[in-house]
Engineer: 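Take a look at the following structure, please.
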Amino acid sequence: MSNCLLCQNKVYFDFNLKWLMSFQKYSISKVCSRCNDSFEEIKASNCCLGCGRKQNQQMMCLDCRQWKKRITGELLDNKALYVYDQTAMRSFIEKYKFLGDYRLRLVFQNKFEKFISINYDKDWLYVPIPIDEETMQIRGFNQIEGLTTNIPLTRVISMREKRGRIKQSHKNKKERMLTKQPFKISEQISQLKKAKILLLDDIYTTGRTLYHARNLLMQHGAETVKSITLCR
Amino acid sequence: MDEEFLYGRQLPETVISHNLRNAPNIEKRPAVLKRGKYIYCQRCGNKTVRDEVALPSQRYYCPHCILLGRVATHNLLYSIPEPHHFLKITSSPLTWQGTLSKLQAICSSELLEVAQTGGKHLMWAVTGAGKTEMLFETIAWALQKGRRIALASPRVDVCNELYPRFKQAFNNIDIILLHGKQNEKYRYTQLVICTTHQLLRFFRAFDILIIDEVDAFPFVGDKGLAYAADNALTEKGTLIYLTATPSRKLLQQIRKKQLTVSYLPLRFHGYLLPEPIIILDSQLKVFKKKNKLSRKIIKIIKRWESEGYQFLIFVPKISLLEPVYQSVKKILKHDTTGTTVFSGDIQRIKKVSDMRKLKYRYLITTTILERGVTFPALNILILKADDTNFTVSALVQIAGRVGRSFKRPEGDIYFACSEYSRNVKAAVAQIKFLNKKGSKVQK
């Protein structure tokens with residue numbers, strides 16, 4: 001028995017015969033079933049092929065058609081686990097990222113890691129989107145690395161500026177789209193030649209950040225760049 | 001930022017400006033201490049297993065008080081010792097015109113005595129005894145003496161209710177209201193009204209700290225808040241608890257002489273508490289399936305409608321609000337308006353004030369309105385009073401909403417339950433016990 005990380009209610013383990021005969025380890029879930037159900041999952045059959053947003057048909061959304069015109073080559077084909085614009089997920093991000101409750105990484109860690117390794121095998125380089133030094137100082141962790149502690153990460157990009165950047169979350173859509181390239185390649189350039197790269201981030205909103213990272217990696221010789229985010 | 005910002009407060013460097021960090025008389029202490037397997041938060045006093053709250057940078061944070069902004073092992077708490085820099089008040093700051101009853105006056109002077117000597121004190125007064133008015137004398141005295149005073153409650157609604165009343169009673173005194181849902185910027189004032197959570201931001205600030213409704217959630221069962229109250233008090237300060245339904249722990253402290261007590265068993269208008277009438281109704285058990293109220297209950301609600309008073313219906317769970325509302329709406333006339341109120345309701349504060357403005361005839365609600373809210377002439381029905389969500393103190397508190405005006409000191413209070421449960425029995429017994437005491441004083 002333990003407490004749910006999100007609502008503090010007790011979480012009980014269901015000891016039953018099926019579990020006993022499965023010879024699985026005893027592992028109690030970190031979140032109660034009610035909180036777990038409050039997040040809205042995105043099904044692969046019902047989302048945009050370009051950005052992973054939830055919609056009724058499996059086709060390209062308007063924003064992604066715009067991206068298609070703007071860049072050369074393929075789209076990111078982003079895949080996301082959950083819908084972002086919804087009370088439970090917004091409050092989760094607020095608590096995890098902005099209040100800095102690092103324990104909450106455990107809410108999605110297992111599922112997110114599994115989601116990554118099922119979709120993209122070990123031939124891919126997993127590249128997390130970085131945060132700047134100032135944010136790291138204050139927050140003490142990179143939100144995306146918290147969600148992917150148990151898979152091998154390749155940290156090849158970093159922020160250009162150490163501090164003073166206006167966060168994407170403080171901007172509106174138009175301002176976001178006008179953001180200039182915030183990243184630089186930090187090391188291990190030889191690794192990038194002909195590499196297949198998977199970018200990891202917590203939220204896909206306009207796609208601006210992820211496409212900046214993609215463009216940079218393509219310039220340095222990456223073969224393909226795709227992405228996965230926790231929510232869209 | 002001025003130095004005033006930190007007088008008697010404790011804040012991490014993340015929320016204070018650079019120049020303030022180097023103020024001459026500033027005190028710093030680590031926000032979180034490491035001791036073996038555990039970390040100890042210096043702000044909320046809670047201990048946590050270290051490994052559960054480790055950041056990748058080998059720092060550890062306290063998860064208990066994180067809603068007030070995270071503090072970790074690398075953070076410091078800054079404070080400036082309370083200097084009591086207040087304007088001298090020469091004449092009495094009390095602008096309240098009312099008078100106290102004989103019993104109230106006795107309690108009031110007892111409080112004043114405690115405030116002068118220090119220590120911990122409980123004022124046990126029945127619901128609607130006029131606790132707020134009894135505080136005025138003490139607070140007026142303390143204001144004149146240049147003491148700093150805080151009035152805290154675990155519930156936001158209570159704070160919101162107290163604030164205008166104190167503004168009125170102390171017309172020329174600057175009072176600040178602090179709670180999590182409010183945007184007013186902090187300023188240094190002699191009198192503070194706040195939620196008990198906000199006390200976590202204070203350090204040896206108050207000479208007199210009054211906690212209203214100590215038995216309410218989340219103060220009960222949260223060690224952090226009791227720690228915060230002790231921390232917010234100056235070393236020789238006075239802590240005064242107010243409640244109508246003291247917890248077992250408080251009663252124990254009285255027996256051990258750790259807590260002095262004054263006692264008021266009569267309401268301010270001198271009448272006894274309305275005693276609840278129990279309705280045994282087996283149909284309540286199947287309400288969820290049938291969505292139908294029994295004839296007994298319908299009869300009561302219809303009578304209330306024709307009598308013209310406002311009424312509240314309490315249900316144990318949020319999920320019951322809508323079905324009960326629908327079935328009540330069905331039996332009433334079209335112009336009898338009402339609505340539902342619950343804790344997560346965005347319009348909660350507006351709905352309550354609309355009820356006070358007589359825009360609604362009735363509210364269907366959960367225990368969120370069990371205390372602190374006063375409507376002058378009410379009738380109340382508790383559906384499923386035997387549900388475990390209704391504790392003894394909740395039932396006594398709800399019953400205490402009835403008959404709180406001179407014009408209508410009585411009123412109906414019904415406990416509708418399918419079983420005669422232990423809590424219902426105990427609540428009725430407690431009210432009867434208080435009334436017995438009250439009727440002795442009445443004569």
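Labels below follow one simple rule: chain letters A, B, ... track the order of the sequence lines, proteins then strands, and each chain is numbered from 1.
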Engineer: Before we go on, tell me: are the rings of B/Tyr60 and B/Tyr38 under 6.0 Å apart, centre to centre?
Structural biologist: no
Engineer: Is B/Ala54 in contact with chain A via its backbone, its side chain, both, or neither, using a 4.5 Å heavy-atom distance?
Structural biologist: backbone
Engineer: To the nearest 0.5 Å, what is the distance between CD on B/Glu419 and CG on B/Asp387?
Structural biologist: 11.0 Å
Engineer: Looking at A/Tyr84, I'd like to know if the NZ or CZ of A/Arg232 sits under 6.0 Å from its six-membered ring centre while staying within 45 degrees of the ring's axis.
Structural biologist: no
Engineer: Between A/Glu94 and chain B, with a heavy-atom cut-off of 4.5 Å, which part of the residue counts as in contact: side chain, backbone, both or neither?
Structural biologist: neither
Engineer: Determine the option with the most heavy-atom pairs under 4.5 angstrom with chain B, choosing from A/Lys95, A/Arg139, A/Met136.
Structural biologist: A/Arg139
Engineer: Heavy-atom pairs under 4.5 Å with chain B are the metric here; pick the option from A/Leu99, A/Leu106, A/Thr149 that has the most.
Structural biologist: A/Leu99
Engineer: Compute both the distance and the angle, then confirm whether B/Arg201 meets the cation-pi test with B/Tyr186: under 6.0 Å from the six-membered ring centre, within 45 degrees of the axis.
Structural biologist: no
